[in-house]
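Heads up: the structure comes next, in structure tokens.
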Amino acid sequence: MELKRVVVTGFGAITPIGNNAKEYWENLIKGESGAAPITLFDSTNFKTKFACEVKNFNALNYFDKKEAKKMDRNSQFGQIAAREAIAHSRLIEDEVNKDRVGVIWGSGIGGLETFETEVLGWAASNNIPRFNPFFIPKMIADITPGNISIEYGFHGPNYTTVSACASSANALIDAKMLINLGKADVIVCGGSEAAVTASGMGGFNAMHALSTRNDDPKTASRPFDKDRDGFVLGEGAGCIILEEYEHAKKRGATIYAELAGGGMSADAHHMTAPHPEGLGAYLVMKNCLEDAGVTADEVDHINMHGTSTPLGDIAESNAIAKLFGEHAFDIQINSTKSMTGHLLGAAGVIEAIAALHTIIHGIVPPTINHFTDDENIDSRLNFTFNNAVEKNVDIAMSNTFGFGGHNACVLFKKI
């Protein structure tokens, strides 16, 4: 059986550095930091008092009051990104067969704010179970693709992938495989997360996962820097329209790139720590190259997982050096988490959008906040520190790794 080709025909985003895909990209190449003091709850007593929140967000600018009340912030972000991507791709105007359009979405946590609010309300009510009737449908992670399909009448494959921070990258890979096999013509694919809540911040603080650089939030996310002290929590959503190549050509869609490869692996090592030798990271990139039919020396750019954690950055850097050999030093690599923070389940898709834009525009965004080299990381690797670089990119990869040892990697090719 000949596998069908998969291409990108639209995208949308709402992020800590831009409330649509255009703003997001413009601020990436400017090197803007999205970190700032938390406004969503009182963080006075928390170890970390800052995060990468979506700025100037008012749900009523996107939904009517009744509709907004039925949706967690996580789902609101997802619906907004999907609307932008669908409009960008002209799916509705071209009257595609909606029975052949699916929605696959990723979220690591789902409606955390809703869960927190309802349980705290119950705890304060002398154990009287007065729960909101929308509590469960607002909270569950799979409600976002459900809502998107309801709004547009898409009857194709519809579900949510959950693999912690790899969730939306896994959604992209699942969508690619379904289109490869002819199970759908188009899949609206992405991820969302809204975990900047008291329980979200408190939980990650308890794990010692977050930066506590409260005196200087904007420089707190510093991947590969010697003095990095943890990631910065972010929120938002991204969406990519994946489409079968001949279907896209037939309707005259703009094709931005081909999703040529997807790789998956497991560290099989630890609940939260990466394999110390980067085994899972090495395997996932190797698997992705093989799936795409691409050799290591053809890769121009890698958007790394690069969370700014002491162990993770070293393991991933070592994996790149091992897999790509001498060519590793010619690849323009970066971590856009230095600007957006870590969007957990939405990280894979918004970083895939960044990688896509390097192909479209021939510019690689910087890894900001680099001050001191880490002697444990090979200094010959080109991390695009502090300034964007113009570079022709024909092939770009994006890595995303999650707690539990879940690894996912996607590869885009210029058409």
Side-chain angles (χ1 to χ4, degrees), residues 14 38-46 48-49 51-54 57-83 103-154 158-165 167-168 171 190-207 209-210 233-237 239 342-346 402-404:
I14 178 165
I38 291 170
T39 66
L40 294 172
F41 67 93
D42 183 0
S43 62
T44 301
N45 296 321
F46 285 71
T48 299
K49 307 177 194 304
C52 287
E53 299 176 350
V54 171
F57 178 71
N58 182 347
L60 299 182
N61 291 335
Y62 302 92
F63 309 97
D64 64 43
K65 189 173 182 180
K66 185 177 180 182
E67 187 180 24
K69 287 179 68 175
K70 297 178 182 178
M71 301 171 72
D72 185 87
R73 188 176 174 92
N74 170 60
S75 293
Q76 292 171 355
F77 288 155
Q79 197 95 353
I80 291 163
R83 286 175 178 175
V103 187
I104 301 178
W105 209 258
S107 184
I109 297 177
L112 184 60
E113 182 180 47
T114 294
F115 183 83
E116 183 179 303
T117 300
E118 292 296 319
V119 171
L120 287 174
W122 171 74
S125 68
N126 295 318
N127 291 338
I128 299 171
R130 291 174 180 155
F131 290 95
N132 188 314
F134 295 107
F135 171 27
I136 299 301
K138 283 177 68 174
M139 178 195 71
I140 52 179
D142 66 300
I143 200 65
T144 303
N147 285 339
I148 294 166
S149 69
I150 291 166
E151 178 169 349
Y152 292 96
F154 296 149
N158 190 288
Y159 59 91
T160 288
T161 53
V162 180
S163 50
C165 305
S167 297
S168 57
S192 51
E193 207 77 90
V196 183
T197 70
S199 57
M201 295 295 295
F204 282 118
N205 266 154
M207 293 174 62
L210 298 179
L233 188 59
E235 63 172 5
C239 180
H342 192 353
L343 270 66
L344 307 180
F403 286 168

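The shown structure was predicted, so the numbers you read here are calculated from the model rather than taken from an experiment.
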Any chance you could measure Phe131, atom CZ, to Thr114, atom OG1, to the nearest 0.5 Å? 12.5 Å
Going by salt bridge (Lys or Arg N to Asp or Glu O under 4.0 Å), name the pairs with one or both residues in residues 140-152, residues two or more places apart or in two chains. Arg83-Glu151
Within the distance-only criterion (no hydrogens, no angle test), does the side chain of Glu53 pair as donor or acceptor with the backbone N or O of Leu40 below 3.5 angstrom? yes
Sequence neighbours left out, what passes side-chain hydrogen bond (donor to acceptor under 3.5 Å, both in side chains) with Asn205? Give chain and number order. Thr48
Counting C-beta onward and ignoring hydrogens, is there a side-chain heavy-atom pair between Ile38 and Lys49 closer than 4.5 Å? no
Can you give me the closest heavy-atom contact between Ala194 and Phe77, atom names plus distance? CB-CE1, 4.0 Å
Over all atoms of both residues, closest heavy-atom pair of Glu193 and Ala346: N-CB, 4.0 Å
Using 0.5 Å steps for rounding, measure from the CE atom of Met201 to the OG atom of Ser43. 7.5 Å
What residues, two or more places apart in sequence or in another chain, satisfy side chain to side chain contact (heavy atoms under 4.5 Å, CB included) together with Ser125? Trp122, Ile128
All pairs passing side chain to side chain donor-acceptor pair (under 3.5 Å) where residues 58-67 contributes a residue, at least two apart: none
Is there a side-chain contact between Phe135 and Phe115 in this structure, where contact means two heavy atoms from C-beta onward sitting under 4.5 Å apart? yes
Hey, does Ile80 have a side-chain heavy atom less than 4.5 Å from the side chain of Phe57? yes
Nearest 0.5 Å please: distance from the CG atom of Leu233 over to the CZ atom of Phe204. 6.0 Å
Apply ring-ring contact (aromatic ring centres under 6.0 Å, His included) to Phe134 and list each qualifying residue two or more places apart in sequence or on a separate chain. none
Run the ring-ring contact (aromatic ring centres under 6.0 Å, His included) test against Tyr152 and tell me which residues pass, sequence neighbours left out. Phe154
Enter the distance from Ile109:CD1 to Ser167:OG here, rounded to the nearest 0.5 Å. 9.0 Å
Working to the nearest 0.5 Å, report the span between NZ of Lys70 and CG of Asn147. 10.0 Å
Sequence neighbours excluded, the answer for salt bridge (Lys or Arg N to Asp or Glu O under 4.0 Å) partners of Glu235 is Arg73
Taking side-chain hydrogen bond (donor to acceptor under 3.5 Å, both in side chains) as the test, write out the residues that go with Ser168, two or more places apart. none
Residues in side-chain hydrogen bond (donor to acceptor under 3.5 Å, both in side chains) contact with Thr144, at least two apart in sequence or another chain: Ser75
Which residue pairs pass the salt bridge (Lys or Arg N to Asp or Glu O under 4.0 Å) test with at least one member in residues 113-141, sequence neighbours excluded? none
Minimum heavy-atom distance Ser149-Asn158, with the two atoms named: CB-ND2, 3.3 Å
Restricting to side-chain hydrogen bond (donor to acceptor under 3.5 Å, both in side chains), what partner residues turn up for Thr160, sequence neighbours left out? none
Could you report the tightest heavy-atom contact between Leu343 and Ala237, atom names first, then the distance? CD2-N, 4.3 Å
In chain order, what residues pass the side chain to side chain contact (heavy atoms under 4.5 Å, CB included) check against Ala171, with sequence neighbours excluded? Ile104, Thr161, Cys189
So, taking the atom named CD1 in Ile143 and the one named OG in Ser107, what distance separates them when rounded to the nearest 0.5 Å? 12.0 Å
